[in-house]
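One structure is given below, encoded as structure tokens.
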Amino acid sequence: MQANVGRGEPVDRGTSMNRRVVITGMGWVTPLGHDIEEVWRRLLAGESGIAPTTIFDARTFPTRFAAEVKNFDLRRFLGPHYEQHRTCSRNSGFALAAAEMAWRDASLDGAAGLRPERVGVYLGSGEGPIDFDNFVAAAIAGWKPEQRALDAIRWAQVAKQRLTAVMEFEQEPNCAAGHLACRFNAQGPNFNTLTACAASTQALGEAASLIRRGDADVMISGGAHSMIHPLGVTGFNRLTALSTRNDECATASRPFDRTRDGFVLGEGAGILILEELEFARRRGARILAEIIGYGSTADAFRVTDMHEDGRGAIAAMRGALADAGVGPEEIDYISAHGTGTEENDKIETLAIKVVFGEYARRVPISSVKSMLGHLIAGAGAVELITCVLAIRDGIVPPTINYREPDPNCDLDYVPNQARRVPVRTCLSNSFGFGGQNDTLIVRALS
Amino acid sequence: MNPRRVVITGLGPVTPIGVGVAAFWNGLLEKRSGIRRLQAFDPSYFSSQIGGEIDGINIGDYVPKSYRKAAKIMARDIVLAVVAAHQAVRDAGLRTRCLLERGEADGEPNVDSTRFGANIGAGLICADLPELAEALSGAVEDGRFSFARWGAEAMNNLTPLWLLKFLPNMLACHVTIVHDAQGPSNTITCGEASSHLAIGEAFRTITRGAADVCICGGAESKDNPMALLRQELGQRLSRRNETPAQACRPFATGRDGTVISEGGGLVILEELGHALARGARIYAELVGFGAGHDAYIAAQPGPPHPEGRGLRVAMQKALDEAGIAPAQVDLVASCACGLEAHDRAEAAAIRSVLGPRTEDVPVMNVKAGLGNNGAGSGAIDFIAAVLAVHAGVIPPAFNSNPVDPACGLTLPVDGPRALPVTTAISTAYALGGGQNAALVIRKFSA
């Protein structure tokens, strides 16, 4: 799928030369709702899904707000299938609900020619939240302050009483992909990747590669995550990665703005149905867009920081462009990783300038994280859905809370107002903690 | 079929019976067991008190001097991956940043960093319990955990980089930094199937031209109270505490469960022309990869499909891709964890794919002496298979006598057995979650 970037060698696509990958269905669960059209309307209106944290008592945490999923009832999405999935973790539930919507959107139920071993799942799904109260009870019981050591016997006594097999095993990061396979009888390739904030973009890129290579005809792909739990927020707060604007939380997520002070945790899922083009055509599927390019790289620089020249981000975007066989000027819209951290937004801007040259100043760039927060592993899939909708409707979502320009971020971030603009081809970036970079390119089907 | 062929040029096993190819292979041939009463913590309150442990790892021996301080933010899983990477790269004769800086290689790098990818399987990494328990204890008020106190002060007892110790993609992150691998990078989190899926995906990455060399496999440690408790809650573990070396009994009558462990393996996959151009030693050629899902019972912990449906799909796809008929298979390197339902499901898949050929094909397994570490186990199984093909010797299975007649397999219970092996298939399944994968390797001939 990916070209021999910069080598001038012919691209080998083996037997898969003509297999193209299209998107035929989409579903999401987000802090602004669970319906494609409703959430899209709210994104175009510049609404924020961010509010004080309710999932746990965060009132003394450095960050006391998040973009939570509200009014979520898995039973409503799964109907008669609910029973066999009712013990799943929060993120698996998000994935199931989004997949149910996407599957229906693609009209795949009973579709002709669907062979179970040719239907796969590739998610970038996070671990389930830990069983916090019971975990803490065991940890406290086992800690012996006088020896500064954990007494494994005392720990195990409490842990065995309070922790359960169901809660522990449903936390495993491969469970969401397993639930989806069972729900849709998908016996084909089944993967879960967890490359932090890049995971679901990577999942979609690799899922498209599997179809192109001939390993599957249909892939259910995307991601889901919730890190809005006490230890998740603790971890990001200790890293000082989160915004701490507790008094103005609805405007706290400020990608590319000079006053940005960190990202806002979100949660949810985005799932897309990917199909081989001819397979989709044969069954008369409605085709939403085509995935034409994917690039993946590692910064190989530092655990804590992005490479200061944006080395990995540049290579990921260039890899995707080469794979797609399109020039930078053919990109009509960039869905930025745009987290709202000082470092990401500055380096992403720099990387876009290197890849796009003069055209960087003209291409609209926005970050829906300004409204949805950062869904971590699930972010890329939700953002790719917004790209497909932008192509469909010829309108791009805004970056809200953009007030003060930053000299390091001097591009067109579609500030505060959605914009009507013809969109045929979009590029979507996701960069993971630790330096994993992934870029996808989608285009209207021609 | 694929003009770009992929060969295996380096192996880095890290196991309780040996680190590095020579120690590991000799251990297998000598039927050594690395299973003992756990020493990492006091296991007295658990019903299974044994496991595979690796002694004497000093991370400073495997990274450049300048990188030693990073060891502070490495969970045990990450340490194991970094050790495996060093072993694999050195075994392959690659001159990477790490080996050059350590003075273990001279001259210029012989791999282009931008064409050097990584794909590493990882587990749900357990937080360091003593570290977290001590911090959590700082938030206790009147004998109970106080969110208010945790958020306001006690969380600050955790090191700022605390979260980064446990993100699954940190295995790949550290490895790519240490060896300067800037190509496509992924982290697969699918339990015991992780390594095979990672190796299979790296194979695809090279085939499609996105990289020339990939370091791939997986690593995990289950040698901590939390992981042991999870396996115990899942009723997966042997209680033969008095006879650790005989506890894990793959495919044997009277088996009573698997044994936890730690370890992993990374292998170097290389495009054939690249390997030939630098005169690399070629262990074997990777010729087929397949993946499949049981699509059976979603709720966890759940049983495997009794007929091993997903594994059958994976094996069939891998053989089809390789263009190899069942009659040409000389060796099956099984996953064989020593759990009755899983062993029988795997055996059913093997019988179904090989048909009448089953009775003539030896099925090897190495878990009896190594235990099951999760995400890194598959890479160890795969490395053993590669060495068997390369040496023409099948290491003895032990603890597999008498063989469960319900499995209907031919095991090399005596041995080691010299047998020309041209083609082998290596299998893997996740104990929970339903993922399966298979890899087919062939003795290399130009």
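Note that these values count all heavy atoms, side chains included, but never hydrogens, waters or copies made by symmetry. Predicted, not measured: the structure shown is a model, and the values here were computed from it. So you know, we letter chains A, B, ... as the sequences are listed, proteins then strands, and number each from 1.
Heavy atoms closer than 4.5 Å to chain B are found nowhere in D438(A), neither backbone nor side chain. For R311(A), the part lying under 4.5 angstrom from a heavy atom of chain B is the side chain only. In this structure, no portion of S92(A) lies under 4.5 Å from any heavy atom of chain B.
Between the side chains of N169(B) and T195(A), no donor N or O sits under 3.5 Å from an acceptor N or O. No side-chain donor from either of T60(A) and W150(B) sits under 3.5 Å from a side-chain acceptor of the other.
Closest non-hydrogen pair, N174(A) versus G432(B), comes out as ND2-O, 2.9 Å. Across every non-hydrogen atom of A300(A) and T176(B), the tightest pair is CB-O, 3.3 Å. Closest heavy-atom contact between E170(A) and A298(B): OE2-O, 4.3 Å.
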Derivation of the side-chain contact (heavy atoms from CB on, under 4.5 Å) call for I140(A) and F145(B)
CA-CA 8 Å; I140(A) 290 171; F145(B) 177 80; 3.9 Å; yes
Any chance you could lay out the salt bridge (Lys or Arg N to Asp or Glu O under 4.0 Å) test for E206(A) and R204(B), step after step, and finish with the verdict?
CA-CA 10 Å; E206(A) 294 295 341; R204(B) 295 281 185 261; over 6 Å; no
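Ion pairing between E201(B) and R213(A) fails under the 4.0 Å rule for side-chain N and carboxylate O. Under 4.0 Å is where a charged nitrogen must lie from a carboxylate oxygen, and between K160(A) and E232(B) at least one such pair does.
Between the side chain of S185(B) and the main chain of A298(A), no donor-acceptor pair closer than 3.5 Å is present. With hydrogens and angles ignored, the 3.5 Å screen pairs a side-chain donor or acceptor of T193(A) with a backbone N or O of T187(B).
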